[in-house]
Amino acid sequence: MRDVDLRIAPGERVLLTGASGSGKSTLLRALGGLLDPEGGDATGELTVDGVAPDRCRQRVGTVFQDPDSQLVMTRAGDDVAFGLENVGTPPERIWPAVDAALDAVGFDLGRDRPTGALSGGQKQRLVLAGALAPRPGLLLLDEPTAQLDPAGAALVRDAVGRAVAGRGATLVVVDHDAPAWLPLVDRVVELLPGGGAVEHGPGWTPPPLRFPGRHPHPPGEPLLTADAVGYTHRGSAVPALPPTDVVLRAGRTLAVTGPNGTGKSTLALLLAGLRAPTTGRVTAAPPLTAGLRRPDRPPARWRAAELVDRIGTVFQQPEHQFLTGRVRDELSLGPLRSGAGAAQARATAEELLERLGLAPLAEANPFTLSGGQQRRLSVATALATRPRVLVLDEPTFGQDRDTWAELVALLAEQQDGDRALCLVTHDAAVVAALADDVLTLGAPVAVP
């Protein structure tokens with residue numbers, strides 16, 4: 001981020017948008033007083049209420065792109081109470097405030113739900129409740145609805161609208177889904193990739209998404225079959241995923257949709273061979289097991305070297321799968337592990353760097369990228385080994401319109417007659433652009 005001039009009046013509501021990597025998350029962290037002074041070079045002046053942001057952190061509530069980075073307690077209620085305790089809230093007011101915040105964001109799983117057993121969307125609601133509970137004067141939200149189902153996203157936007165209206169709080173929200181936020185904001189500020197910013201009024205309409213052309217293939221042979229697979233976390237009485245049947249066929253793309261907490265990401269991990277089901281079985285067909293010493297074993301018992309060029313995976317949180325210190329090395333690692341020579345691995349990495357707009361970041365550490373850039377890198381690492389099955393969890397998270405279109409076009413190229421794709425997503429545009437079949441998981445199981 002550079003050369004940004006911005007003034008926000010008390011009580012104003014601003015939507016911050018712009019290309020992936022233009023500095024939106026950096027600006028929010030700066031406003032929250034959370035930038036490491038040793039981590040980079042700062043120029044210009046930034047104040048909140050006339051003082052340096054790190055001197056008024058207690059009056060600022062922040063929700064980051066990655067909810068896991070904000071969860072600090074093992075129980076949901078304790079996590080929301082943590083922030084209230086930090087600002088010196090009287091003990092008798094803490095739990096009523098916790099309950100009010102949880103109710104405002106639609107978190108209905110109770111104070112005692114373990115945070116480690118929550119879905120990504122449930123975690124997102126929980127950290128938003130934690131930010132709202134102390135009633136901050138400045139609320140900073142970074143993609144607060146990106147991992148939520150449509151109903152949950154609408155509920156959160158309503159909760160944010162009520163919070164800022166009822167308290168006179170100032171709001172700065174980063175989101176690529178501009179139309180959904182326009183009724184709640186006073187203006188839109190777009191950060192430009194080369195530096196600076198341009199302002200738009202509340203009636204601004206972003207350009208439409210560009211859809212790639214569809215080339216449907218007839219259903220091919222099954223590559224991966226899940227028979228009544230389910231998963232229950234240890235010590236939990238409620239299954240994260242009730243028994244579910246899935247068939248991934250060559251030449252077809254399956255979109256898995258449904259409300260938060262219904263087990264979509266858990267199903268993705270089971271299909272990818274990264275977690276063994278507690279009920280049911282995942283079976284790989286001969287095209288996937290050819291060359292294995294024990295083809296009778298389920299994917300969860302394959303070694304990493306056996307998975308790498310058979311089943312490619314993109315996690316819900318991209319940073320969980322980075323293994324090297326350079327973007328270029330991250331893209332070369334998979335091909336090298338699957339037996340490609342150094343020259344071929346390098347050529348594959350260079351092609352993907354160019355396609356996904358990551359070439360200027362080839363020497364960067366993956367963990368220093370923006371959320372959208374990390375997502376594109378994680379998708380590229382899964383594509384690099386050209387696996388027969390691709391399982392992608394929220395592959396378009398954090399993308400602007402141009403990078404979304406390039407990412408979807410790249411996935412469309414994988415839709416040949418030999419591969420099967422499984423997309424876990426809340427992105428209706430991705431479903432329309434790529435899906436041949438749709439599996440909608442049902443409502444969450446009620447807690448007794």
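The model shown is predicted, which means the values in this text are computed figures rather than measured ones.
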*Does R376 make a cation-pi contact with F397, if we ask for NZ or CZ under 6.0 Å from the ring centre and within 45° of the axis?*
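No.
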
Is there side-chain contact between [X] and [Y], with at least one heavy-atom pair below 4.5 Å?
X	Y	answer
L28	V172	yes
D436	L254	no
L288	L224	yes
L390	I311	no
D427	W404	yes
H200	R187	no
V246	V229	no
P395	V379	yes

*Would you name the heavy atoms of P67 and V127 that are closest together and state the gap between them?*
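Closest approach of P67 to V127: O-CG1, 3.7 Å.
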
*Between A382 and P387, which heavy-atom pair has the shortest distance, and what is it?*
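Closest heavy-atom pair between A382 and P387: O-CD, 3.3 Å.
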
Heavy-atom count around [X] [atom1] within 6.0 Å, excluding the residue itself: above 12?
X	atom1	result
R337	CZ	no
D5	CG	no
R326	CZ	yes

*Only one of V256, T425, L439 passes side chain to side chain contact (heavy atoms under 4.5 Å, CB included) with K264; say which it is.*
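By the side chain to side chain contact (heavy atoms under 4.5 Å, CB included) criterion, K264 pairs with just one of V256, T425, L439: V256.
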
Assess, by modelled atom type and distance only, whether the side chains of [X] and [Y] contain a donor and an acceptor separated by less than 3.5 Å.
X	Y	result
T403	D400	yes
Q399	H176	no
T170	E12	no
T257	T440	yes

*Would you call D142 and R29 a salt bridge, using N to O less than 4.0 angstrom?*
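Judged by the 4.0 Å cut-off on N to carboxylate O distance, D142 and R29 do not form a salt bridge.
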
_Could you walk me through whether D227 and R281 satisfy the salt bridge (charged side-chain N to carboxylate O under 4.0 Å, His left out) test, starting with their C-alpha distance in whole Å, then the side-chain angles of each, then the deciding distance to 0.1 Å, before giving a yes or no?_
CA-CA 5 Å; D227 294 308; R281 178 180 175 85; over 6 Å; no

